Amino acid sequence: MGRTKVKQTLRDVSLINKRVLMRVDFNVPLKGDAVADDTRIRAALPSIRYVLAQGGKLVLMSHLGRPDGKVVEAYRLDAVARHLSFLLGQEVLKIDDVIGERARATVEQLQPGQCMMLENLRFEPGEKANDHHFAQALATLADVYVNDAFGVSHRAHASVAAITQYLRPAVAGFLLEKELLYLQAAMQSPRRPFTAILGGSKVSDKIAVIEALIRKADNILIGGGMANTFLYAKGHNVGKSLLEADKAQLACHLMEVALAANVRLLLPQDVVVATEVKDGVDTQVVASDSIPSHQLALDIGPKTAMQFAKVIDQSALVVWNGPMGVFEIEAFAGGTRAIAQALAQSSARTIVGGGDSAAAINALGFAKQVDHISTGGGASLEMLEGKRLPGVESLSDK
Ligand code: ADP
Ligand code: MG
């Protein structure tokens with residue numbers, strides 16, 4: 001991957017008296033007409049507060065759910081705007097239009113330091129279609145474009161991609177900036193030793209990530225369901241475990257690549273097995289080359305956890321994607337907890353990417369002790385694959 005150009009951020013542009021159109025990811029869970037989890041809203045507060053403090057006239061835009069290009073009452077953004085208003089301690093004027101005359105008229109009345117929110121972007125079919133007319137209509141609402149929605153930046157949608165052709169400067173918000181700072185630096189100029197921990201359910205979901213990391217990392221630690229396919233590729237019986245037999249050859253190839261590149265690739269030496277994926281079931285720890293044929297491997301074992309923790313402790317950079325076991329069930333959460341704890345205690349730069357991995361480290365209570373937890377599941381994986389994201393590439397260069 002070529003080195004990506006450094007992008008302008010909110011700090012690089014003058015905002016006073018400017019109409020600032022900011023794409024945020026307020027795709028939050030709702031319960032009735034209230035916000036059930038406001039993590040994503042809080043994550044955008046630094047950018048929002050900054051624009052308002054600088055005397056900008058802020059116009060926020062987001063999607064919510066999958067209304068498929070038409071108005072769906074349950075996906076209106078009113079509850080989100082009310083919640084933001086509560087967090088900010090100031091009014092957030094919510095309108096029922098995304099584009100058009102009424103939207104423009106409201107924007108025209110905004111005073112410096114005031115904030116409004118457009119209706120759900122995905123009520124308009126042009127959003128997901130990356131439609132240029134729609135993007136142009138959005139662009140006429142403002143003078144400056146800000147992307148602070150990392151979670152959708154891997155999608156070529158009108159509010160993150162096409163719009164940047166019509167509204168410039170196009171700059172990164174603080175949340176996006178932080179994501180880029182950690183994830184790009186990790187992939188482009190990693191501190192060493194660089195350890196990548198990979199887990200989660202399937203090899204097939206992560207092929208591109210494994211291939212990218214195998215060329216960059218010094219150590220690759222593999223756990224979770226995907227480890228079974230590697231164990232199987234080495235000729236071990238994996239019983240009834242989650243297995244992608246058709247990916248065994250690929251797993252062999254990846255192990256050869258690692259060997260040739262002098263990358264240390266570690267598989268579990270022991271695993272936690274059970275006959276069912278269920279709370280309260282009897283579990284057993286077995287060596288990974290002796291998984292009984294009627295059992296499933298559902299977590300890495302304690303020896304593996306200790307070995308992985310030791311590698312983490314000796315690293316300067318650790319990137320983690322994919323839980324080490326079925327962490328949703330306490331009996332199989334031990335491996336994921338041990339790795340989360342090792343990350344928390346490590347002096348290395350520590351980065352967690354992936355939706356379930358972020359959920360796991362939050363649930364286990366170690367979130368505050370890692371350097372960066374990516375807010376974008378799919379987007380963070382694409383960054384780790386070394387892909388360029390449409391919503392990032394199109395921003396103004398420094
Ligand atoms: P992320 O969202 O962080 O990228 P994935 O979606 O790839 O992670 O994987 C998360 C899922 O993998 C979890 O739901 C977890 O239960 C499952 N998983 C982990 N280990 C195993 C295993 N040994 N067998 C079956 N499923 C597993
Ligand atoms: Mg997932």
Side-chain angles (χ1 to χ4, degrees), residues 150-151 154 179 183 196-213 220-233 236-245 247 251 267-279 281 283-288 291-292 294-302 304-305 308 318-340 343 350-364 366-367 370 372-385 387:
F150 178 69
H154 59 313
E179 294 278 3
L183 294 168
I197 312 164
L198 295 168
S201 47
K202 294 196 204 149
V203 175
S204 54
D205 288 344
K206 308 278 173 74
I207 295 171
V209 179
I210 308 171
E211 284 185 331
L213 288 171
I220 307 242
L221 314 180
I222 296 186
M226 72 156 73
N228 301 325
T229 299
F230 283 84
L231 293 170
Y232 175 82
H236 301 320
N237 181 359
V238 295
K240 290 209 168 70
S241 308
L242 179 69
L243 167 70
E244 291 172 287
K247 293 287 174 288
L267 296 176
Q269 341 168 15
D270 58 346
V271 289
V272 177
V273 297
T275 50
E276 275 180 282
V277 192
K278 167 174 119 178
D279 238 332
V281 72
T283 65
Q284 216 184 313
V285 175
V286 299
S288 58
I291 299 173
H294 62 290
Q295 305 251 28
L296 302 87
L298 296 167
D299 194 9
I300 57 172
T304 307
F308 284 10
V318 183
V319 172
W320 180 19
N321 170 257
M324 294 290 100
V326 182
F327 73 95
E328 297 91 337
I329 297 177
E330 181 52 36
F332 313 112
T336 302
R337 182 178 289 112
I339 297 309
L343 246 69
T350 47
I351 301 173
V352 179
D356 291 293
S357 310
I361 198 141
N362 276 314
L364 294 169
F366 294 108
V370 296
H372 184 62
I373 299 175
S374 179
T375 55
S380 64
L381 289 181
E382 292 201 12
M383 291 283 291
L384 296 179
E385 289 168 22
K387 277 199 194 146

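Worth knowing before you read on, the calculation uses all heavy atoms, side chains too, and leaves out hydrogens, waters and symmetry mates. In each ligand, atom 1 is the first atom listed, and ligand 1 is the first ligand listed. Note that the structure is a prediction, hence the values are computed from the model and not measured.
- In this model, a donor atom of one side chain and an acceptor atom of the other lie less than 3.5 Å apart for E179 and S374.
- For the pair T275/V281, a side-chain contact is recorded, criterion being any heavy-atom separation below 4.5 Å from C-beta on.
- Sorted by first and then second residue, the salt bridge (Lys or Arg N to Asp or Glu O under 4.0 Å) pairs involving residues 221-233 (not counting sequence neighbours) form an empty list.
- Side chains of V286 and V271 form a contact here, defined as non-hydrogen atoms less than 4.5 Å apart.
- Interatomic distance, CG of L298 versus CE of M324, reported as 14.0 Å (0.5 Å rounding).
- Atom CD1 of I207 sits about 7.5 Å away from atom CD of E244, to the nearest 0.5 Å.
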Just the distances, no angles: every ligand 1 N or O to protein N or O pair closer than 3.5 Å, one line each.
unit_1: ligand 1; atom_1: 2 (O); unit_2: G355; atom_2: N; d: 3.4
unit_1: ligand 1; atom_1: 2 (O); unit_2: D356; atom_2: N; d: 2.8
unit_1: ligand 1; atom_1: 2 (O); unit_2: D356; atom_2: OD2; d: 2.9
unit_1: ligand 1; atom_1: 3 (O); unit_2: D356; atom_2: N; d: 3.3
unit_1: ligand 1; atom_1: 3 (O); unit_2: S357; atom_2: N; d: 2.8
unit_1: ligand 1; atom_1: 3 (O); unit_2: S357; atom_2: OG; d: 2.5
unit_1: ligand 1; atom_1: 4 (O); unit_2: K206; atom_2: NZ; d: 3.2
unit_1: ligand 1; atom_1: 4 (O); unit_2: N321; atom_2: ND2; d: 3.1
unit_1: ligand 1; atom_1: 6 (O); unit_2: D356; atom_2: OD2; d: 2.9
unit_1: ligand 1; atom_1: 7 (O); unit_2: K206; atom_2: NZ; d: 2.6
unit_1: ligand 1; atom_1: 9 (O); unit_2: S201; atom_2: N; d: 3.3
unit_1: ligand 1; atom_1: 12 (O); unit_2: S201; atom_2: N; d: 3.1
unit_1: ligand 1; atom_1: 14 (O); unit_2: E328; atom_2: OE2; d: 2.5
unit_1: ligand 1; atom_1: 16 (O); unit_2: E328; atom_2: OE1; d: 2.7
unit_1: ligand 1; atom_1: 16 (O); unit_2: E328; atom_2: OE2; d: 3.4
unit_1: ligand 1; atom_1: 20 (N); unit_2: G225; atom_2: N; d: 3.1
unit_1: ligand 1; atom_1: 23 (N); unit_2: G225; atom_2: N; d: 3.4
unit_1: ligand 1; atom_1: 23 (N); unit_2: A297; atom_2: O; d: 3.1

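- By the criterion of a separation under 2.8 Å, the protein N/O/S atoms near the Mg ion (ligand 2) amount to D356 OD2.
- Here E382 pairs with nothing under the salt bridge (charged side-chain N to carboxylate O under 4.0 Å, His left out) rule; sequence neighbours left out.
- Going from atom CD1 of I291 over to atom CG of L296 covers 9.5 Å, rounded to the nearest 0.5 Å.
- With a 4.5 Å cut-off on side-chain heavy atoms, L381 and D205 do not count as touching.
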